[in-house]
Amino acid sequence: MSFKVKYDNISTALMTIYQRLYHYFGPRHWWPAETPFEVIVGAILTQNVTWKNVEKAINNLKTAELLTPEALYTADPSVIETHIRPAGFYRTKAKKLKAFVHHIWEKYDGSLTNMFSQPLKNLRKELLSIYGIGPETADAILCYAGNYPIMVMDAYTLRVFSRLGLLSPKANYEEMQQLFMDNLPHDHYIFNEYHALIDALANKICRKNKPHCNLCPLNDLCAWPKEEKENKKAEKEA
DNA sequence: TTCCTGTCGG
DNA sequence: CCGACCGGAA
């Protein structure tokens, strides 16, 4: 079964969608952080939780002056746990933060500048080898802390683009990323904004339940309305 | 109650 | 493939 029949030119479709979103939401100015290290900590803390929860944890770390590679490297794990508690999964996430700072300390003498001097492909593979860093977190670090030309995929991307009919609902991370990286110019600004714009759409309009299709700037391009009827029907019966 | 920008271990 | 991990907000 094909999920791309509706579009004769994927590149054009992707750019049209991008421009519609950009015009609707404006530039997103991601990532909200003061330093590359803060981006990385945020990327780990935001795993499977909303950003609101992460903000408190970040502020706690900042106030405690723990938001540097050195401070986290030497801090007692239980102290880190206490400060990041609002972000959820605090025990595992404390381990993940430790694993990351341990890595950059051992390999780069604690310097992110050194780490980001690596070529994209090598560094991506290396990040994936660190405990707690999967494909989404790795790409977020590469794009938003290292300014590499790579696009972050996530649950939002799958929801939006499967509803649009451009991705299979079962697409894996690599398949999702190929859709964008095979059909768009490898430009850091576009990849940075595109992901952020998808986030804005999925957060505010293309919600998991009861999406606001009437407000959606992509409504006329979307394959979803058929299923929406069934949803409404199911809601009534419930 | 449900959901949330995932990742790991079995 | 699936459960565990965890708290906060709609």
Side-chain angles (χ1 to χ4, degrees), chain A residues 18 21 25 28-33 38-61 77-103 124-146 148 150-164 167-177 179-181 191-212 215 231 234-235 238:
Chain A
Y18 175 79
L21 294 176
F25 291 108
R28 303 276 82 203
H29 306 295
W30 269 30
W31 185 291
E38 188 179 327
V39 173
I40 294 167
V41 171
I44 291 170
L45 292 182
T46 200
Q47 289 172 2
N48 206 38
V49 299
T50 57
W51 182 252
K52 272 269 184 241
N53 292 329
V54 177
E55 283 179 331
K56 293 185 179 181
I58 298 264
N59 282 331
N60 288 345
L61 290 173
S78 65
V79 173
I80 300 176
E81 288 176 11
T82 306
H83 287 92
I84 68 173
R85 187 174 292 255
F89 307 101
Y90 60 90
R91 276 190 288 260
T92 29
K93 283 177 180 175
K95 282 193 200 119
K96 292 174 179 181
L97 291 175
K98 275 290 193 187
F100 179 78
V101 291
H102 181 263
H103 180 88
R124 187 173 195 272
K125 188 179 280 185
E126 185 182 314
L127 289 172
L128 289 173
S129 74
I130 302 172
Y131 169 81
I133 299 189
E136 180 179 342
T137 308
D139 290 339
I141 290 170
L142 291 164
C143 180
Y144 295 104
Y148 290 86
I150 191 161
M151 188 166 157
V152 178
M153 301 292 113
D154 60 6
Y156 286 169
T157 312
L158 183 59
R159 184 163 81 225
V160 170
F161 282 82
S162 61
R163 284 176 178 176
L164 282 168
L167 280 175
S168 158
K170 290 187 284 189
N172 63 29
Y173 193 93
E174 193 185 331
E175 291 165 344
M176 293 203 297
Q177 199 169 45
L179 171 67
F180 295 91
M181 310 231 359
F191 287 153
N192 177 323
E193 280 296 340
Y194 212 148
H195 172 71
L197 289 165
I198 291 167
D199 169 84
L201 185 73
N203 235 320
K204 300 181 205 307
I205 293 173
C206 194
R207 307 195 55 93
K208 187 170 189 177
N209 299 314
K210 302 179 192 166
H212 303 304
L215 299 176
N231 275 0
E235 271 172 37

Original post:
Start at the 5' end of DNA chain B and walk down; is the nucleotide closest to L128(A) or to E136(A) reached first?
Top reply: E136(A)

Subject >> Between dC3(B) (P) and N203(A) (CG): distance, integer Å >> reply: 15 Å

Original post:
To the nearest Å, how far apart are K95(A) NZ and dC5(C) P?
Top reply: 10 Å

Subject >> Atom-to-atom span, NZ of K204(A) to P of dA10(C) - whole angstrom >> reply: 13 Å

**OP:** Scan T137(A) against the nucleic acid and name what it touches under 4.0 Å (heavy atoms): base, sugar-phosphate only, or nothing.
**Re:** sugar-phosphate

**OP:** Please figure out whether R207(A) or R91(A) has its closest DNA chain C nucleotide nearer the 5' end.
**Re:** R91(A)

Original post:
Hey, does K56(A) reach any base, or is it just sugar-phosphate, or nothing, if we go heavy atoms under 4.0 Å?
Top reply: sugar-phosphate

**OP:** Please state how far atom OH in Y90(A) lies from atom C1' in dT7(B), giving the value in whole angstrom units.
**Re:** 18 Å

Subject >> Atom-to-atom span, NZ of K93(A) to P of dG6(B) - whole angstrom >> reply: 9 Å

**OP:** Please check if the distance between the ring centroids of F180(A) and Y194(A) is under 6.0 Å.
**Re:** yes

Original post:
Can you tell which of dG6(B), dG9(B), dC4(B) lies closest to the side chain of Y131(A)?
Top reply: dG9(B)

Original post:
Between F89(A) and P86(A), who's closer to the 5' end of DNA chain C by nearest nucleotide?
Top reply: F89(A)

Original post:
How close do L128(A) and A138(A) get, heavy atom to heavy atom, and via which atoms?
Top reply: CD2-CB, 3.9 Å

Original post:
Looking across every strand, which nucleic acid part, if any, lies under 4.0 Å from R159(A) by heavy atom: base, sugar-phosphate, or nothing?
Top reply: sugar-phosphate

**OP:** Taking the side chain as every heavy atom from C-beta outward, state whether V39(A) and I141(A) have any pair of such atoms under 4.5 Å apart.
**Re:** no

Subject >> Distance test, side-chain N/O of N53(A) to OP1/OP2 of dC6(C), below 4.0 Å >> reply: no

**OP:** For nucleotides dG9(B) and dC6(C), find the distance between their P atoms and express it as a whole number of Å.
**Re:** 13 Å

Original post:
Is there a donor-acceptor contact under 3.5 Å linking the side chains of Y173(A) and D139(A)?
Top reply: yes

**OP:** Please tell me which of the listed nucleotides, dC4(B), dC6(C), dG6(B), lies nearest to the side chain of K96(A)?
**Re:** dG6(B)

Original post:
Just by distance, with hydrogens left out, do E175(A) and S168(A) show a side-chain donor and acceptor under 3.5 Å apart?
Top reply: no

**OP:** Have a look at I130(A) and say if it touches a base, only the backbone sugar-phosphate, or nothing, with a 4.0 Å heavy-atom cut-off.
**Re:** sugar-phosphate

**OP:** Name the nucleic acid region contacted by I198(A), choosing base, sugar-phosphate or nothing; use a 4.0 angstrom heavy-atom cut-off, strictly under.
**Re:** nothing

Subject >> Spacing between R85(A) atom CZ and dC6(C) atom P, to the nearest angstrom >> reply: 10 Å

Subject >> Spacing between N48(A) atom CG and dC6(C) atom C1', to the nearest angstrom >> reply: 10 Å

Original post:
Any side-chain heavy atom of H195(A) sitting closer than 4.5 Å to one from D154(A)?
Top reply: yes

**OP:** Please tell me which of the listed nucleotides, dC5(C), dC3(B), dG8(C), lies nearest to the side chain of T92(A)?
**Re:** dC5(C)

**OP:** Grab the CG-C1' distance between L158(A) and dC4(B) for me, whole Å please.
**Re:** 15 Å

